[in-house]
Visitor: 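Take this structure, written in structure tokens, and hold onto it; I'll ask about it next.
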Amino acid sequence: MFLVSNGSSEATHAFTGQNIGFTMEGLGYEHNPNVFAPITHFAGSPNEIPQTSIFNMLWNNDSMLQDVTEEVLQQVRTLYRENSPEFIYFLTLYNIFRDRVEDEGDIDTKHTAEIQDTAVWSRLYDFQKDAVVGAIRKLERYKGCIIADSVGLGKTFEALAVIKYYQELNDRVLVLTPKRLRENWTMYLGNDERNILVDDRFSYDVLNHTDLSRRHGKSGDINLETLRWDNYGLVVIDESHNFRNRPTDTTADSRYYRLLNDVIKKGRRTKVLMLSATPVNNRLLDLRNQLDIITEDDDTYLRDDGIPSINTVTRTAQQRFKEWSELPDAERTTQSFVESLNGDYFKLLDIFTIARGRKHIAKYYTGQGGDQFPERLKPISLHTTIDAEGQLPSIKELNNLIAQLAFPQYQLLQYVTDPVRRRKYQELFGDTWGTNMEAQTNRTQAIAGLMRVNLLKRLESSVHSFNLSIERILENARKLMDDLNALDAGRPPVNYAPVIPQDVVSEDDADELPATDKVTVDIRDVDRLKLRAELNEDITILQKLHNYVQTITPERDQKLIKLADLIRTKIEQTPYNPGNKKILIFSAFADTAKYLYTSLADGLKHDFGIDSALITGAGGTQSTLKLTRTSFDNALAHFSPKSKELPKSDPVQNEIDIVFATDCISEGQNLQDCDCLINYDIHWNPVRIIQRFGRIDRLGSTNTRIQLINFWPDIELDEYIQLEGRVRSRMTMLDVSASGDENVLEGKRNSEMNDLQYRKRQLQQLQQEVLDLEDISGNISITDFALDDFKVELNRYMQQHGSQLENAPMGIHTVAKIPEALRDEIESGIIFCLKYKGAAERNTSNPIAPYTIMLVNAQGEVKTTPAYPKMALDYMRGVCAGEHEPIEQLYRQFNRDTRDGRDMRACTKLLEAAVSTLNGTHERNAIDDLFSLGEVNVESSERGFDDYTLVTFVVLK
């Protein structure tokens, strides 16, 4: 009930009704179409007398009333006071994320407090602590979380803190890790001085990913035959992207289905924490396959959260990504991509992922105890010839020969042309590759294509590795020719199974090749005339290539000579950080790494007293330094003793300064004692290059500067791209998977090579700058969309300032200064946070609906899209973080410009631009009313300004 009077009974008016209160809506200043509030108006005497009597009776009854005068005055004071930037930032987060924070799972406060007293917690930065709290909340609410922080941000320690929380709850914990990273986890279990977290008494089981394929034997001290796989409360999967490909044969005893069926689905409900800097590598569908593990393969897992089908969401997103990737360069931006997506995909990411990039941490997190990332020097790009004497044909000529190779010995099925005999193989191997003979033939053709591609990679890597590959392939071709000749001579026929030389296929491709070696072919069934002819052609070409390259000895290897010069200069001059002689040298191929170590290590020891190591994973570890244990973990500990915290009691205190390695150590290793990384060959997947550099580009490095050096093929970039295209042109890959998803190999082609101009942009970037994952040209990173940081920040702030946020009115503002470091990125203007008051829109692309946050510059240009709120929120954080008090100088200027708020025309113009962007039309009517206490014009158009509430705004100066 409201009574309005000016002191004369004739002018008294009474209003009564349901759902009206002392609010903006109840007073008629705002309209909410979702609220039905019928009001009865009693206009003047005598109509209002009964209502006035009731009002006076209530007004004079102290037991029924509460005096709220001071609270109302406080609201008015708050509306007009000068607010600190930090308060407005958190008030914005409070309005946007309050309900989401409250909806997420509760954390056991007792054990949360306990982990804050642990050794692992004391070693975390603030952004890592936020990730830990956020991950625990997701695990409690949704039973799963993917920590997808970029390389070098310490995902292992974040996971250890999560493990400690659940260890305090007496949960059994299993860590699944690639074999090469096993010691990264086992080192924290022992009562050993090398264990820097020994006081935390960690207790968890560690198994390799490959152990999922084993039924017997032991992994460490664990008996795999008797292990209760189904009895873990928490499973941590390191490098979870290794489970991004889901086998189409559900009956196969694969690692994926062993994990899904025996560990996750069976027994108790298991929480799953995944760690990966690249959970989405080739396709957005990669994410779905990992989420299926968390959700126990339940497509409707999030139906209560408004997502009826996870599969539908990811398939739609994949289609939108495909359409976006085909746009012209100027249109292929992150903003255009997010605008094309349904908000459900962002919601899916928000529910399950925590993802921050290096630049995000460097820009927007403060109070890191003085630790910074090292300065990245501009990459050094080297283009060297192969032959120091200049007698070897050019890469272009050699590639022309490679492109002519057919590799018939690896695709014998296509030479089985008789329909009766083809049906025989369909019956024999249908369980292995399905019932489509044509599909399997296409698979083997894809293998031949990969062989050509990887021969070119081997040539780029080193002439030594290329020569080894030619010799091995030539040997296989000659063996098949001998078998054909023997059959013609009347000897017993043989069943031929293609044995693909693993040295020829890169590590990334080897994991994803179809199992062609399981299909054997009776050579009596092939078209021998055609096979022999093509085999002869290959042998001739292979022999020609072999004759060319076998003459290039290490003394004539110009690339090796240049590397030796670089190492010598680094040792003698230590140009990047005084006294630092360390170099980490990567190659994609073990043969190349071994070649470099064999050619250079002894000379470095003799000439400079420098020790070197060779680390190639399964190929073993070698070192010129005599170690008590020649494992790659021990070698790396002596290469980077500070970051690895090598105990002073270690019997070998000398250090290794040069490491030659393959990508077996490109993930999960902290090697920041080193300040120089050399890519002896350029991996065709730029993500791998970024992962390599992440070994030395890490927060807390003792180096002030770090250098990346890349060896490139001695050829112009445009010509190089054309070579790649020609090599790939003979690859025939069809959609042959039983599920109808994209073929894995086709996905690799699309992501790496299909768009050659896309590849060219990536290579140009790599030559000019050190990239982060989110910087790859034309690429989309989930760090672009992650909002969990904001929720964790808000939750922490609410613990001390919750009542201030709860009682703050709508429409208040602050004035903030753009930091110098962000002036190239953020323009002067206003960041507006608005709330749509109408019914929720099902198909909106805005992930924070009904809220919208946008930056409009001083010229009235909208600089951030409503579909991409993270950018505007990052900007707001960047200008507001740490500003605990109002900035008086800026407020004085703003008050002068607006005549103490009486002239808001400039702000109105910018707000009009924001509302026009939201509505698609200019809605000028009543906009001024948001900045005043006057009556709002409720007669504006159907979807106009009255549909929004101004929550907060930040004026940027």
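Reckoned from all heavy atoms, side chains included, excluding hydrogens, waters and symmetry mates.
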Visitor: Surrounding CG of Asn191 (heavy atoms of other residues, nucleotides or ligands, distance under 6.0 Å), is the total greater than 12?
Guide: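 Counting neighbours around CG of Asn191, 12 or fewer heavy atoms of other residues, nucleotides or ligands fall under 6.0 Å, so no.
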
Visitor: For Arg692 and Leu677, which heavy atoms make the closest approach, and how far apart are they?
Guide: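 Scanning both residues, the minimum pair turns out to be O-CD1, 3.2 Å.
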
Visitor: Do we get Lys559 above Tyr680's six-membered ring, with its NZ or CZ under 6.0 Å from the centre and within 45° of the axis?
Guide: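 Yes, a cation-pi geometry holds between Lys559 and Tyr680.
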
Visitor: Find out whether the Lys NZ or Arg CZ of Arg458 is both under 6.0 angstrom from the six-membered ring centre of Phe589 and within 45° of the ring's axis.
Guide: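 Relative to the ring axis of Phe589, which defines the angle, Arg458 lies inside both limits.
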
Visitor: For Glu883, is there an ion pair with Lys817 - N to carboxylate O distance below 4.0 angstrom?
Guide: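 Result for this pair is no, no salt bridge flagged.
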
Visitor: Mind telling me whether Tyr89 and Phe790 have parallel, tilted or perpendicular rings, with 30° and 60° as the class edges?
Guide: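 Rings of Phe790 and Tyr89: perpendicular, as their planes differ by over 60°.
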
Visitor: Measuring only between side-chain heavy atoms, which start at C-beta, is Asp657 closer than 4.5 Å to Asp611?
Guide: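 No, side chains not in contact.
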
Visitor: Verify the distance criterion only: is there a donor paired with an acceptor across the side chains of Glu655 and His638 at less than 3.5 Å?
Guide: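 No, because no side-chain N or O of Glu655 sits under 3.5 Å from a partner of the opposite role on His638.
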
Visitor: Any non-hydrogen side-chain atom of Phe632 less than 4.5 Å from a side-chain atom of Cys664?
Guide: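 Contact flag for Phe632/Cys664 side chains = no.
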
Visitor: With the side chain counted from C-beta on, respond yes when Gln707 and Ile380 share a heavy-atom pair under 4.5 Å apart, and no when they do not.
Guide: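 When only atoms from C-beta onward are counted, Ile380 and Gln707 do touch, with a gap below 4.5 Å.
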
Visitor: Could you check whether Phe243 and His209 have their ring centres less than 6.0 Å apart?
Guide: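 Ring centres of Phe243 and His209 closer than 6.0 Å.
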
Visitor: Take Arg695 and Glu667, measure what salt bridge (Lys or Arg N to Asp or Glu O under 4.0 Å) needs, and give me the verdict at the end.
Guide: CA-CA 7 Å; Arg695 300 316 100 213; Glu667 299 173 311; over 6 Å; no

Visitor: Please say which of Asn577, Thr702, Thr704 ends up in a side-chain hydrogen bond (donor to acceptor under 3.5 Å, both in side chains) with Asp675.
Guide: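 In the set Asn577, Thr702, Thr704, the residue that makes a side-chain hydrogen bond (donor to acceptor under 3.5 Å, both in side chains) with Asp675 is Asn577.
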
